[in-house]
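To start, the structure itself, in structure tokens.
Hydrogens, waters and symmetry mates play no part in the numbers below; they use all other heavy atoms, side chains included. This one's a predicted model, so the numbers in the text were calculated from it and none came from an experiment. Letters A, B, ... mirror the listed sequences (proteins, then strands); counts begin at 1.
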There are 2 protein chains.
Amino acid sequence: MSSEAGRRASRRSTRSVTLAEVAEHAGVSPQTVSRAIRTPDVVSEDTLERVQASIRATGYVPNLAASNLASNRSNTIAVLIPAVSASVFADTVQGLDSVLAPHGYHLFIGTTEYSLQQEEATLRALLGRRPDGVVLVGTEHTPEAQALLAAARVPVVESWELTQHPVDSVVGFSNYAAMSALFEHVHALGYRCPVLAGQFAGGDVRALRRRAAFEDGMRRLYPGVPVRILDSGAAGVSLDAGRDLFRQVRSELPRADLIMFASDVFATGATLEAVRSGVAIPGELGITGFGGFEVGRHLVPQLTTMAIPSRRIGEEAGRVLLERIAAGGRQTGEARIVDVGHTLVLGESTVWQR
Amino acid sequence: MSSEAGRRASRRSTRSVTLAEVAEHAGVSPQTVSRAIRTPDVVSEDTLERVQASIRATGYVPNLAASNLASNRSNTIAVLIPAVSASVFADTVQGLDSVLAPHGYHLFIGTTEYSLQQEEATLRALLGRRPDGVVLVGTEHTPEAQALLAAARVPVVESWELTQHPVDSVVGFSNYAAMSALFEHVHALGYRCPVLAGQFAGGDVRALRRRAAFEDGMRRLYPGVPVRILDSGAAGVSLDAGRDLFRQVRSELPRADLIMFASDVFATGATLEAVRSGVAIPGELGITGFGGFEVGRHLVPQLTTMAIPSRRIGEEAGRVLLERIAAGGRQTGEARIVDVGHTLVLGESTVWQR
DNA sequence: TTGTACGCGTTATCAG
DNA sequence: CTGATAACGCGTACAA
């Protein structure tokens, strides 16, 4: 026995059907089976049929980990979003999937919980899967994350923001410009004392950009008027938080004539609370949102908001990835910047003042 | 040259750092590096530090495809949901992730578009990744999908429904029982002519169960009263569809005194349309939903609905998976059935009749 | 059109 | 506690 060098017990534990077993069943070489799957037109019709029959008979499911290892392609795109349950990003993911799935790419989704540290950790884990591309939300990352992305040597798309210096490419819009445009609109309507309400302590960088736009707008268009900002704190982005912010404004800032919410979610909770408590919108108080969710069009009064094409962000990101992958799969150095823009939605929740 | 047998160009194309390179850098064997990562406590403190330094210095990111291949474990759970953007399932995914992530499992998400054929195709693709577990929405699958699941020999959790004969285990509730309970409640309130509205042509099996509960309820508690059901058809589950269904009921079924919607989404669109068009709810017409979404509590009037613990479904599914994986990772044969139940939410959109 | 011989990067196994 | 060696399942390169 000691001379039986090299004989070891098989390590296969799952005992799933392999390519070799299909080959044996069909009476061809493993390589032919591989070809029958990946490049059927290069195999004779006769063998092709035989192999396909054997695949069905054996219930063969290709091991993509092995395929990945051998070919250096995973047909996988890593997607990092703040949270799965945040519907705006779900739309982006849906858009991504709709563009990439037809090309055989699957999405590997990781969440960051709006934390750059968490993003780095998740990114590290996802890169272990050797994705053919990466999609991130945001343009701010830890230095380590930046290094990881650079070392990965695959196309990277940052999104939901714009920057002149993306890691590779970026698909998004300017949160600052969008909020500024909305601000200028309500200023033109004649509002005298706008306040901002939202969540700014949760690590959402994009919300901070919107806040900056509000602050700068106040200084520029309302010199002398105090800048009032209410933060929901740890409450998160929810209808409850919107309701609470509304109540807080009513009790603490009675002179406010307009509440600009950092998200349609807050604005919806606030609008419904106004209805319930009998506060006339826009008569007593104006309300604006941000995001352009479906519910805004249904609210009574309809919500004035800034619509963001969240699904299109995903679709464009998918196209950029496909393009880059086709071009060699590497980051080329020439940054690609796609601005999907924003659209002012004039609702009934704001009105011409006098 | 011809005698230089076996010399070939390297096939490595991505040239990412490998375990061997870290080993060389640290002056140890590859196996020691592997151990330093996977079982640090079995490595001497001295070497451990050296290896960790080398990992940082080289920017090493483990190739999980290789790890997967060698160890037969992917630390991956495949999740199949009807759609990413359907918020109920997003909550389930979030719940799953919250339980599984701490144990090192990542989710691979695939969508089925409410189609069993699509489910089978997506399942096939995901199984190629050799997940350590599978979570599905629904208990109905194609025969081929059933075979695939059986052959995969990993824990499988079906969800959002109940069955006495799951593939492996099931976490959910009875859509029939939930809808029946809601129906009995409104019957007890004294409604005389309830109608059902929703989407039943889209392939959503769970919606069909709710419809069956409505039909049976009508036959049982309203003998002689015609069974009225409105289908939004291809419109999908949206606020727009809810608004349109509401209008349709008003114009086509003027004698209806209660609309039972198959989803809170429809009910929300309908309630807001009622507010806009000046129809008194519950005065002129009662409304119920299904799902127990946050928005229902904020609507004016608050929505009467049947709440489903969608996040808890994910959490329980995660626990079942962990348990099964710990127990050997295979389907054991003893089905595990977890009923998360349902909760009647009494809102203001229905009221005692007379 | 088909077959043969590696190699992809990691871990299991066994020996030291 | 550490190292050497052989898998894991498939694709690439080359030969036939």
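When the P atom of D/dC8 is taken as reference, atom CD of A/E21 falls 11 Å away, rounded to whole Å. B/E24 places its CD atom 16 Å from the C1' atom of D/dG3, with the value rounded to the nearest Å. Spacing between atom CZ of B/R130 and atom P of D/dC8 amounts to 14 Å, rounded to whole angstrom units. Rounded to an integer number of Å, the gap from CZ of B/R73 to P of C/dT11 is 12 Å. When rounded to the nearest whole Å, the span between CG of B/L69 and C1' of C/dC8 equals 9 Å. Spacing between atom CG of A/N72 and atom P of D/dT12 amounts to 10 Å, rounded to whole angstrom units. The CD atom of B/Q31 sits 15 Å away from the P atom of C/dA15 (whole-angstrom rounding). Atoms CG (A/D41) and C1' (C/dT2) sit 15 Å apart, rounded to a whole Å.
For D/dT12, one of the phosphate oxygens OP1 or OP2 lies less than 4.0 angstrom from a side-chain nitrogen or oxygen of A/R38. Here B/S67 does not reach the OP1 or OP2 of C/dT10: none of its side-chain N or O atoms lies under 4.0 Å away. Side-chain nitrogen and oxygen atoms of B/T32 include at least one within less than 4.0 Å of the OP1 or OP2 phosphate oxygen of D/dG3. Contact annotation: B/R35 side-chain N/O to D/dT2 OP1/OP2 distance is not under 4.0 Å. One finds no side-chain N or O of B/S71 lying less than 4.0 angstrom from the OP1 or OP2 phosphate oxygen of C/dT10.
When each of C/dT1, C/dT11, C/dG3 is scored by its nearest atom to the side-chain atoms of B/S34, the top-ranked nucleotide is C/dT11.
Among residues two or more places apart in sequence or in another chain, the salt bridge (Lys or Arg N to Asp or Glu O under 4.0 Å) test is passed with B/R56 by none. Not a single salt bridge (Lys or Arg N to Asp or Glu O under 4.0 Å) links B/E24 to another residue, sequence neighbours left out. Checked against salt bridge (Lys or Arg N to Asp or Glu O under 4.0 Å), B/E49 has no partners two or more places apart in sequence or in another chain. Remark: A/E315 engages A/S98, A/V99, A/R311, A/R312, A/R319 in a side-chain contact (heavy atoms from CB on, under 4.5 Å) (not counting sequence neighbours). Partners of B/E144 under the salt bridge (Lys or Arg N to Asp or Glu O under 4.0 Å) rule, at least two apart in sequence or in another chain, do not exist in this structure.
Put simply, the side chain of B/V22 reaches to within 4.5 Å of the side chain of B/V33, judged on heavy atoms.
Using a 4.0 Å heavy-atom cutoff across all strands shown, A/L19 reaches sugar-phosphate atoms only and no base atom.
Comparing B/A66 and B/P30 by the nucleotide of DNA chain D whose heavy atom lies nearest to each, the residue mapping closer to the 5' end is B/P30.
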Could you tabulate the donor-acceptor pairs under 3.5 Å formed by side-chain atoms of residues 100-115 of chain B, not counting sequence neighbours?
{"unit_1": "B/Y105", "atom_1": "OH", "unit_2": "B/R73", "atom_2": "NH2", "d": "2.8"}
{"unit_1": "B/H106", "atom_1": "ND1", "unit_2": "A/R129", "atom_2": "NH1", "d": "3.2"}
{"unit_1": "B/T112", "atom_1": "OG1", "unit_2": "B/Y114", "atom_2": "N", "d": "3.3"}
{"unit_1": "B/S115", "atom_1": "OG", "unit_2": "B/Q117", "atom_2": "N", "d": "3.2"}
{"unit_1": "B/S115", "atom_1": "OG", "unit_2": "B/Q118", "atom_2": "N", "d": "2.9"}

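Checked by atom type, the side-chain pair B/W160/B/T92 shows a donor-acceptor distance below 3.5 Å. With 3.5 Å as the limit, one finds a donor-acceptor pair spanning the side chains of B/H141 and B/E119.
For the helix from C/dT1-D/dA16 to C/dG16-D/dC1, the axis fitted to the five pairs at one end and the axis fitted to the five pairs at the other end meet at an angle of 30° (nearest 10 degrees).
Listed by first and then second residue, the side chain to side chain donor-acceptor pair (under 3.5 Å) pairs that reach into residues 28-46 of chain A are A/S29-A/T32, A/S44-A/T47, sequence neighbours excluded.
The stretch residues 43-64 of chain A comes close to DNA chain D through A/Y60, A/P62, A/N63, each having a heavy atom under 4.0 Å from the strand.
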